[in-house]
Amino acid sequence: ATLEHSHILNSLSIFLDKVIGRQDYIVTLLGLLSAVVDNVPLVAASMGMYDLNQYPTDSFLWEFMAYCAGTGGSILIIGSAAGVAAMSLEKIPFFWYVKKISWLALIGYFAGIANFNYNTNGNSLSSVGGSDSFLLKLDQNGNFIWVKQFGGSLDDDLSCIQVDAL
């Protein structure tokens with residue numbers, strides 16, 4: 001609350017918008033931060049960064065924030081209160097978790113981002129088979145224009161894209 005009242009969170013959002021520019025990248029980074037900072041205060045802080053009048057609760061920003069903050073907290077076991085409790089109750093060593101689990105959680109985190117409903121005007125896309133490919137077109141500001149899915153019930157990988165004109 002103090003950070004919000006002193007306008008530090010608003011200044012942080014302006015700084016991140018200026019330096020990074022794309023909200024999907026900013027939210028992805030906040031999700032990675034949730035590996036160290038518990039996701040509840042992180043999301044509460046982000047609510048102080050972005051105006052709910054400009055970004056209503058059902059906007060892409062908050063849906064994506066929920067995914068990134070919730071899932072990013074699993075990258076390191078200390079990223080959530082539940083992880084710290086599990087570490088204590090189950091005697092899970094931190095470095096064992098980092099060595100054996102963190103890389104899997106990180107892969108899952110980015111795979112989920114790649115498969116996330118990227119503001120496709122209500123068209124939710126997910127893999128139909130073992131692996132599929134998605135081609136997404138964004139404008140210069142990172143806003144969604146269209147998306148195309150390739151693949152069937154088996155593993156289908158896209159290996160090359162040729163651009164004829166820009």
When the side chains of residues 103-113 are checked against the rest of the protein, which donor-acceptor pairs come out under 3.5 Å, sequence neighbours left out?
unit_1: W103; atom_1: NE1; unit_2: K100; atom_2: O; d: 3.4
unit_1: Y109; atom_1: OH; unit_2: T28; atom_2: O; d: 2.7

CD of Q23 to CG of L30, rounded to nearest 0.5 Å, is 10.5 Å

Point to revise | hydrophobic_cluster_shared for I14 and I26, side chain cutoff 4.5 Å | key: no

In this structure, SG of C68 is separated from CG of L42 (nearest 0.5 Å) by 10.5 Å

To the nearest 0.5 Å, atom CD1 of I101 lies from atom OH of Y97 at 6.5 Å

To the nearest 0.5 Å, atom CG of L16 lies from atom OG of S46 at 11.5 Å

Check for me, please, whether L76 and F95 land in the same ILVMFWY cluster - side-chain distances under 4.5 Å, paths through other members count. yes

Q. Does I75 reach the side chain of L32, with side-chain heavy atoms less than 4.5 Å apart?
A. yes

key: Test item: L52 and W62 side chains (from C-beta on) under 4.5 Å apart, heavy atoms   = yes

Sorted by chain and number, sequence neighbours left out, ring pair (Phe, Tyr, Trp, His ring centres under 6.0 Å) with Y50 holds for Y55

Heavy atoms of M87 and I78 approach each other most closely as SD-CG2, 4.3 Å

* Asked: Can you get from V37 to V43 by hopping between Ile, Leu, Val, Met, Phe, Trp and Tyr side chains that sit under 4.5 Å apart?
  -> yes

Joint cluster assignment, V36 & I92, ILVMFWY side-chain distance < 4.5 Å = yes

Rounded to the nearest 0.5 angstrom, the CG-CZ distance for D24 and F64 is 6.0 Å

Correct closest heavy-atom pair for G73 and S34 would be N-OG, 3.0 Å

d(E90 CD, I77 CD1) to nearest 0.5 Å is 9.5 Å

Ring pair (Phe, Tyr, Trp, His ring centres under 6.0 Å) pairs touching residues 9-29, sequence neighbours excluded, are none

Note: with side-chain heavy atoms under 4.5 Å as the link, the other cluster members for V40 come out as none

